[in-house]
Amino acid sequence: MKALTLFCFAAFIPIQLMSQDLPTLRKEFGKLNDRGMHRDAVNFYKEKLMPVSDAKSGDDLQVALNNLQQLNAVAEFDALVENAIASHADNSALLIAAAQRYRNVSHYGRLIAGEFERSQGGYWHGSRGPDADPEASAGSSVQTEYRDHIRSLQLHLQALKHAQDDNTRSGIWSDLAEIFHREESWKLQTLTPIDTLPEWGEPGPQGGTEGAP
């Protein structure tokens with residue numbers, strides 16, 4: 001029994017230390033952000049704050065994505081957000097932050113060998129010089145507004161499922177109400193399937209195509 005008690009105490013110490021270190025980690029993260037050390041801030045988030053799941057995880061993700069934006073590295077958006085979601089699929093604060101950013105991110109990109117790469121604006125920003133890799137500039141342009149809209153709705157509903165209190169649930173419903181009120185094209189009487197994400201380039205319910213900017 002004594003050995004078991006010592007084992008439990010030893011196992012508890014790292015949890016306590018991690019909890020005590022979080023304010024320090026977030027202070028360091030904030031300093032990198034304030035100093036404009038954007039790549040360092042993104043890497044710091046991936047290594048030290050993405051593994052953390054608490055009420056401030058959504059704020060951490062927002063700061064990391066702001067730094068990506070400053071780097072003009074929107075191509076890294078999807079991997080960063082989806083990795084954070086996969087790590088903490090039951091953290092409503094993080095899910096809400098991700099849902100909001102899917103609505104505001106650039107809704108353009110290219111399909112290259114079947115892989116999607118998001119870009120800023122409706123055209124390709126890759127090198128066109130003589131040394132450019134021909135394969136790097138290959139592929140078809142796609143718009144992702146409809147797909148990002150569906151992903152945002154999915155994340156709102158996922159956050160609603162894991163919300164811990166009525167205030168959080170009320171806020172999520174308010175966000176959803178604002179989305180449908182603001183975006184007239186998404187009529188409430190239009191059935192929008194959200195169980196499965198559309199394929200890249202799949203047209204939205206209004207008949208537009210995601211393959212043409």
Side-chain angles (χ1 to χ4, degrees), residues 22 26 29-30 33 41-42 45-46 49-70 73-109 116 118-121 142-200 202-208 210:
L22 279 179
R26 287 191 166 114
F29 186 42
N33 176 70
V42 172
Y45 170 75
K46 290 179 180 179
L49 288 177
M50 187 185 288
V52 175
S53 181
D54 63 14
K56 295 184 178 180
S57 294
D59 295 335
D60 295 338
L61 177 62
Q62 293 278 22
V63 172
L65 291 174
N66 288 343
N67 279 276
L68 272 190
Q69 184 175 352
Q70 291 298 320
V74 69
E76 301 175 36
F77 171 89
D78 296 83
L80 185 66
V81 173
E82 292 300 330
N83 284 339
I85 293 168
S87 298
H88 309 296
D90 59 352
N91 186 312
S92 59
L94 185 143
L95 296 171
I96 292 168
Q100 292 171 344
R101 291 309 284 252
Y102 263 112
R103 306 205 69 78
N104 298 321
V105 71
S106 171
H107 303 302
Y108 300 94
F116 173 71
R118 198 176 295 269
S119 61
Q120 189 67 45
V142 293
Q143 281 187 320
T144 64
E145 186 172 4
Y146 177 54
R147 193 179 194 276
D148 293 339
H149 170 73
I150 300 300
R151 186 63 179 133
S152 178
L153 292 180
Q154 287 181 338
L155 293 171
H156 273 104
L157 295 180
Q158 187 174 340
L160 189 64
K161 179 180 177 181
H162 296 289
Q164 298 296 312
D165 54 70
D166 288 340
N167 285 337
T168 302
R169 282 185 282 270
S170 176
I172 296 170
W173 282 119
S174 294
D175 285 349
L176 289 169
E178 182 181 355
I179 289 169
F180 286 108
H181 176 75
R182 182 177 67 247
E183 301 187 17
E184 186 177 351
S185 62
W186 307 105
K187 303 294 186 181
L188 290 178
Q189 66 267 26
T190 299
L191 180 62
T192 302
I194 61 173
D195 292 337
T196 304
L197 275 175
E199 296 291 336
W200 299 112
E202 184 175 331
Q206 304 302 316
E210 294 235 301

Partners meeting salt bridge (Lys or Arg N to Asp or Glu O under 4.0 Å) with Arg26 (sequence neighbours left out): Asp54, Asp60

Carefully, step by step, assess Leu80 and Met50 under the rule side chain to side chain contact (heavy atoms under 4.5 Å, CB included). CA-CA 9 Å; Leu80 185 66; Met50 187 185 288; 3.5 Å; yes

Working to the nearest 0.5 angstrom, can you tell me the gap between [X] [atom1] and [Y] [atom2]?
| X | Y | atom1 | atom2 | answer |
| --- | --- | --- | --- | --- |
| Leu61 | Ile96 | CG | CD1 | 12.0 Å |
| Asn83 | Asp78 | CG | CG | 10.5 Å |
| Gln120 | His107 | CD | NE2 | 10.5 Å |

What pair of heavy atoms forms the shortest contact from [X] to [Y], and how long is it?
| X | Y | result |
| --- | --- | --- |
| Ala99 | Ser152 | O-OG, 2.9 Å |
| Ala93 | Ala55 | CB-O, 3.6 Å |
| Gln158 | Ala89 | NE2-O, 2.8 Å |
| Ala41 | Phe29 | O-CE1, 3.2 Å |
| Gly58 | Ala97 | O-CB, 3.6 Å |

Does the side chain of [Y] come within less than 4.5 Å of [X]'s, by heavy atoms?
| X | Y | result |
| --- | --- | --- |
| Thr144 | Phe116 | yes |
| His162 | Asn91 | no |
| Asp175 | Gln100 | yes |

Give a yes-or-no answer on whether the side chains of Arg151 and Gln154 include a donor-acceptor pair shorter than 3.5 Å. yes

Verify side chain to side chain contact (heavy atoms under 4.5 Å, CB included) between Val74 and Leu68, making sure each step is shown before the conclusion. CA-CA 6 Å; Val74 69; Leu68 272 190; over 6 Å; no

For the side chain of [X] and the backbone of [Y], is there at least one donor-acceptor N/O pair under 3.5 Å apart?
| X | Y | result |
| --- | --- | --- |
| His149 | Glu145 | no |
| Ser57 | Val52 | yes |
| Ser106 | Ser119 | yes |

Give me the one residue out of Arg101, Arg103, Arg118 that meets side chain to side chain donor-acceptor pair (under 3.5 Å) with Asp148. Arg118

Tell me if the CD atom of Glu82 is crowded by more than 12 foreign heavy atoms within 6.0 Å. yes

Yes or no on side chain to side chain contact (heavy atoms under 4.5 Å, CB included) for Asn67 and Tyr45, after CA distance, side-chain angles and deciding distance? CA-CA 10 Å; Asn67 279 276; Tyr45 170 75; over 6 Å; no

Start with the C-alpha distance between Leu49 and Lys56, add both sets of side-chain angles, then the distance that settles side chain to side chain contact (heavy atoms under 4.5 Å, CB included), and finish with yes or no. CA-CA 10 Å; Leu49 288 177; Lys56 295 184 178 180; over 6 Å; no

Which ring-ring contact (aromatic ring centres under 6.0 Å, His included) pairs, counting each pair once, include a residue from residues 75-102, with sequence neighbours left out? Phe77-Tyr102

